[in-house]
Amino acid sequence: MGQVKKQNRKILSPLDKKPEDLDMDRPYYQIEKQEEGSNGEALVEHLSDLRKQLIKSLVVFVLFLILVFTTMNFWFPFVTKGNELVVFGPFQIIKFYTSVCVTLALGLSLPFFVHFIWQFVKPGLKSTEIRFLGLYSPAMFLLFITGVAFGYFVVNPLSYHFLMNFGAMNFDVIVSAQEYVHFLIMTTVPLGLLFELPIVAMFLASIGVLTSETMKKVRKWAYLVIAVLSALITPPDFISQLMVLIPMALLYEASIYIVGRMEARQESAQQTEAVSTE
């Protein structure tokens with residue numbers, strides 16, 4: 001008898017199909033695969049964009065760090081302010097110059113960092129958020145510079161001389177360069193961040209999280225939080241804490257006023273729109 005050749009049996013019924021074959025025959029299978037592929041490509045694109053922005057930020061920081069280090073003799077008197085400082089070893093000299101140079105380079109790079117972050121997050125923001133950040137980004141930078149300048153010209157010298165005179169009554173005070181630069185940073189940079197309070201309040205109000213009435217109701221607790229923050233970020237003396245507490249309280253009251261004006265403007269715009277629709 002001749003050898004019977006076996007032929008591949010065709011699939012005649014869905015019952016004969018494997019589960020993966022049934023999935024492939026679904027009408028939405030190809031669409032799901034395409035969506036998964038597009039999501040993966042979008043994620044890779046976002047990560048690539050983030051990598052580019054981080055590289056640009058690092059390059060800008062390194063350039064400013066080199067610039068600050070090479071111009072050390074120019075800005076050094078503005079840091080020490082004529083105060084007599086001592087170092088207790090060669091490593092403290094390295095730590096002192098490193099701390100000052102890194103801080104100045106970060107401060108000079110801050111506008112570029114904000115711009116790079118803005119370029120990265122802008123595609124994913126809503127139109128209201130884009131309008132808010134685009135309008136108030138310069139104000140954020142100016143408030144930060146104002147806070148740092150307030151700390152440098154007011155808080156730092158007054159608190160430093162107060163503590164030095166207070167300590168000189170019972171001790172021979174010797175200030176190391178490392179302790180001095182730490183004191184200088186703590187009395188300047190945190191104040192720049194705290195001066196951003198009005199912008200933060202305006203942003204929270206623009207997205208409906210905060211209202212002027214809420215800020216008025218929690219005013220006592222807000223003052224308590226401001227007092228605690230001023231005690232944490234300033235040297236442990238009453239003068240420095242009071243000098244930070246007063247402008248922060250004024251900024252809080254200014255934030256209430258600004259948020260109230262924003263709410264009044266929104267209400268008038270809604271009333272105008274309602275009248276026009278009628």
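Hydrogens, waters and symmetry mates play no part in the numbers below; they use all other heavy atoms, side chains included.
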Mind listing the side-chain donor-acceptor pairs of residues 56-67 below 3.5 Å, one per line with the distance, residues two or more places apart or on another chain?
residue, atom, partner, partner atom, Å
Lys56, NZ, Gln53, OE1, 3.4
Ser57, OG, Gln53, O, 2.8

Atom pairs and distances, donor-acceptor, side-chain atoms in residues 87-100, under 3.5 Å, two or more places apart:
residue, atom, partner, partner atom, Å
Gln92, OE1, Phe88, N, 3.3
Thr98, OG1, Ile94, O, 2.6
Ser99, OG, Lys95, O, 2.8

Would you give me the side-chain donor-acceptor pairs under 3.5 Å for residues 139-155, sequence neighbours excluded?
residue, atom, partner, partner atom, Å
Thr146, OG1, Leu142, O, 2.7
Tyr152, OH, Phe78, O, 2.3

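Under the side-chain hydrogen bond (donor to acceptor under 3.5 Å, both in side chains) criterion, Thr211 pairs with Thr214, sequence neighbours left out. Taking Lys216 as the reference, nothing meets the side-chain hydrogen bond (donor to acceptor under 3.5 Å, both in side chains) condition, with sequence neighbours excluded. Legend: residues meeting ring-ring contact (aromatic ring centres under 6.0 Å, His included) with Tyr180, ordered by chain and number and at least two apart, are Tyr160. A search for side-chain hydrogen bond (donor to acceptor under 3.5 Å, both in side chains) contacts involving Thr103 returns nothing, not counting sequence neighbours.
Counting heavy atoms from C-beta outward, Leu191 and Val244 have side chains that approach closer than 4.5 Å. Between Leu85 and Ser176, the closest side-chain pair of non-hydrogen atoms is not below 4.5 Å.
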Practice item. Step by step, work out the side-chain contact (heavy atoms from CB on, under 4.5 Å) result for Leu210 and Met215. Key: CA-CA 8 Å; Leu210 189 67; Met215 296 183 69; 3.6 Å; yes

Exercise for review: Kindly indicate, with the supporting measurements, whether the criterion side-chain contact (heavy atoms from CB on, under 4.5 Å) is fulfilled by Glu213 and Ile256.
Suggested key: CA-CA 8 Å; Glu213 291 298 326; Ile256 294 177; over 6 Å; no

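More than 12 heavy atoms of other residues, nucleotides or ligands sit less than 6.0 Å from atom NZ of Lys81.
Using a 30° and 60° split on the angle between ring planes, Phe116 and Phe112 fall in the tilted class, from 30° to 60°.
With hydrophobic clusters built from ILVMFWY side chains whose heavy atoms lie under 4.5 angstrom apart, Leu106 does not share a cluster with Phe69.
The salt bridge (charged side-chain N to carboxylate O under 4.0 Å, His left out) pairs that include a residue from residues 102-118 number zero, where partners must be two or more places apart or lie in different chains. The side chain to side chain donor-acceptor pair (under 3.5 Å) contacts involving residues 244-256 comprise Arg219-Glu253, Tyr223-Glu253, where partners must be two or more places apart or lie in separate chains.
A distance-only check finds no donor-acceptor pair linking the side chain of Asn165 to the backbone of Phe162 [under 3.5 Å]. Side-chain atoms of Thr71 do not come within 3.5 Å of backbone N or O of Phe74 as any donor-acceptor pair.
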